[in-house]
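Submitted below is the structure of interest, expressed as structure tokens.
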Amino acid sequence: MNILLLGSGGREHALAWKLAQSPSLAKLYSAPGNPGMSEGAELVSLDAGDHAAVATFCDEHDIGLVVVGPEAPLVDGLADSLRAGGIAVFGPSKAAAQLEGSKSFTKALCDRAGIPTAGYVHTHSLADAISALDEFTAPYVLKADGLAAGKGVVIAETRAEAEAALADMFGGQFGEAGAEVVIEEFLTGEEASFFALTDGAAILPFGTAQDHKRVGEGDVGPNTGGMGAYSPAPVLTKELQARAMREIIEPTVSTMAAEGMPYSGVLYAGLMLTADGPKLIEYNCRFGDPECQVLMMRLEDDLAELMLACAEGRLGEGREARFDQHTALTVVMAAKGYPGAPEKGGAINLPSSEDGGAKVFHAGTSLDGDQLVASGGRVLNVTALGANVTGAKAAAYAAVDAIDFPSGFCRRDIGWREVARERG
Ligand code: AMP
Ligand code: GLY
């Protein structure tokens with residue numbers, strides 16, 4: 001089978017790397033891809049926003065499966081357009097992708113399905129929102145309803161800060177995404193990510209991870225897309241995973257199906273492990289970035305076959321995904337200035353071989369002639385396996401230290417919580 005993979009970041013490089021190992025793959029195309037992905041895929045130029053052009057490419061290249069990496073094309077209905085033309089797609093329909101595309105949609109679904117999540121109010125105007133603050137206490141959690149490239153959540157420490165943030169949101173800071181705002185109860189606990197594959201009916205638990213969202217060591221400073229991650233996340237014990245499946249994932253999948261919006265693809269649940277058990281913080285309708293990199297490093301199954309089974313509604317009950325028992329850890333090397341204005345064009349020299357089993361996924365790179373250069377905020381994802389987080393961390397940083405990227409930086413403490421626990 002030929003596969004078309006859409007996207008260009010570290011998540012997509014990890015998917016491409018794993019798909020290239022799938023016995024069921026004939027040829028992999030990646031649009032637009034990145035220089036790292038050219039090792040296993042043919043890079044093609046296609047605009048995911050032009051549904052007809054993607055469909056034509058699929059017909060002309062005998063594509064048996066389209067894998068959509070990022071959320072925007074899914075929220076935009078690309079999967080629907082392709083399926084209407086008989087093309088199999090890994091990723092949810094536009095209606096089902098509302099689980100990521102609309103915070104209020106997901107909160108209302110949680111209400112209907114009895115899914116544990118933070119209490120909330122859905123507001124439609126600044127005046128509404130300001131009076132709704134009376135129902136909460138600081139810190140205030142304010143979320144632009146729509147997609148805001150991961151920047152639409154504000155945690156305000158005081159009422160004055162909350163009112164100012166609400167004024168910005170309703171004032172158009174996030175464009176249309178902020179025309180409605182969800183205000184939430186602040187949850188306390190440790191955050192962890194839980195992944196599941198589903199074909200709309202059957203569900204396959206697909207691993208756990210934890211990431212580091214803040215740019216600075218010790219988890220301080222501005223939010224980023226994620227500066228590193230590891231998998232599995234030992235805090236999500238077998239018992240907590242079973243509870244998350246029973247109380248959160250299963251009712252989501254069954255309610256979406258019952259309401260005529262069956263969800264297929266990967267469901268990525270951001271969970272808060274509270275004293276009352278796991279609560280849903282948010283859903284994403286795609287793999288996490290960089291969580292995908294650590295999941296793929298551990299996956300032992302044929303990814304292409306699993307994705308096609310999801311797309312064709314034949315995932316079947318009773319499967320178990322096979323993951324390496326080792327821990328995978330990834331360190332994000334970013335361009336100086338990230339997450340503000342990252343320096344572009346900095347030279348990167350990678351060692352000629354990837355020693356010690358580490359894998360360097362490209363996230364924001366391009367070629368300037370023969371020279372690999374930085375072209376984004378998050379540039380490389382240096383990923384390694386180890387017996388536990390401490391071991392994987394040592395292997396990943398050894399590989400980081402072998403990379404020459406003077407205009408880059410990384411956090412040196414990825415995995416710190418778990419390293420401290422492993423130390424006892
Ligand atoms: P989201 O984009 O919804 O994942 O929110 C971004 C981050 O804000 C999450 O990863 C949490 O760290 C934090 N957050 C979101 N909602 C809450 C909540 N209700 N209580 C506490 N922290 C939250
Ligand atoms: N690393 C967080 C995300 O992909 O949403």
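Remember, it's 1-based here, ligands and their atoms both numbered in the order they're listed. Only a predicted model underlies this, so the values are computations on that prediction, with no experimental measurement involved. Position 1 is the first residue of the sequence; numbering continues from there.
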Given I183, T106, V182, I155, which has its nearest heavy atom closest to atom 23 (C) of ligand 1?
->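 Comparing heavy atoms across I183, T106, V182, I155, the nearest one to atom 23 (C) of ligand 1 lies in I155.
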Sub-4.5 Å side-chain heavy-atom contact between L133 and R159 |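 SC-SC contact between L133 and R159 confirmed.
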Non-hydrogen side-chain atoms of Y120 and H122 separated by less than 4.5 Å = yes
Less than 3.5 Å between some nitrogen or oxygen of L187 and one of ligand 1, yes or no?
-> yes
Contact check, side chains of C410 and Y397, non-hydrogen atoms, under 4.5 Å | yes
Check whether any side-chain heavy atom of R298 lies under 4.5 Å from a side-chain heavy atom of H326, and answer yes or no.
-> no
Test ring-ring contact (aromatic ring centres under 6.0 Å, His included) applied to F195 and Y268, F206, F323, the passing residue |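 When Y268, F206, F323 are each tested with F195, the ring-ring contact (aromatic ring centres under 6.0 Å, His included) holds only for Y268.
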Can you give each donor-acceptor pair under 3.5 Å made by side-chain atoms of residues 373-387, sequence neighbours left out, with the distance rounded to 0.1 Å?
from : atom 1 : to   : atom 2 : distance (Å)
S375 : OG     : G364 : O      : 3.4
S375 : OG     : T365 : N      : 3.4
S375 : OG     : T365 : O      : 3.3
R378 : NH1    : G225 : O      : 3.1
R378 : NH1    : G226 : O      : 3.0
R378 : NH1    : D289 : O      : 3.0
N381 : OD1    : Q293 : NE2    : 2.7
T383 : OG1    : T330 : OG1    : 2.9
T383 : OG1    : N381 : O      : 3.2

Atoms in ligand 1 flagged as close to A118, the criterion being non-hydrogen separation under 4.0 Å |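 Reading through ligand 1 atom by atom, the close ones are 19 (N).
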Near V141, which atoms of ligand 1 are under 4.0 Å from a heavy atom of that residue?
->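 Reading through ligand 1 atom by atom, the close ones are 16 (N), 17 (C), 18 (C), 20 (N).
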Nearest non-hydrogen atom to atom 15 (C) of ligand 1 belongs to which of E184, E100, E282, K143?
->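 Selected option, by shortest heavy-atom distance: K143.
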Can you tell which part of E185 has a heavy atom less than 4.0 Å from ligand 1: side chain, backbone, both or neither?
-> backbone
At less than 3.5 Å, what protein N or O atoms come close to the N or O atoms of ligand 2? Include the distances to 0.1 Å.
from     : atom 1 : to   : atom 2 : distance (Å)
ligand 2 : 1 (N)  : D211 : OD2    : 3.0
ligand 2 : 1 (N)  : G225 : O      : 2.9
ligand 2 : 1 (N)  : D289 : O      : 3.0
ligand 2 : 1 (N)  : E291 : OE1    : 2.9
ligand 2 : 1 (N)  : E291 : OE2    : 3.2
ligand 2 : 4 (O)  : R286 : NH1    : 2.9
ligand 2 : 4 (O)  : D289 : N      : 2.9
ligand 2 : 5 (O)  : R286 : NH1    : 3.2
ligand 2 : 5 (O)  : R286 : NH2    : 3.1

Find all atoms of ligand 1 within a distance of less than 4.0 Å from any non-hydrogen atom belonging to M272, and give their numbers and elements.
->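 By the 4.0 Å cutoff, the relevant atoms are 21 (C), 22 (N).
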Please examine the side chains of I3 and L25, heavy atoms only from C-beta on, and report whether any two atoms are closer than 4.5 Å.
->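 Yes. Closest side-chain heavy atoms under 4.5 Å.
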Lys/Arg-Asp/Glu bridge criterion (N-O < 4.0 Å) met for E39, K359 =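 Salt bridge present between E39 and K359.
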Charged N-O contact under 4.0 Å between E184 and K107 |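 Looking at K107 together with E184, the answer is yes, because their closest N to O distance falls below 4.0 Å.
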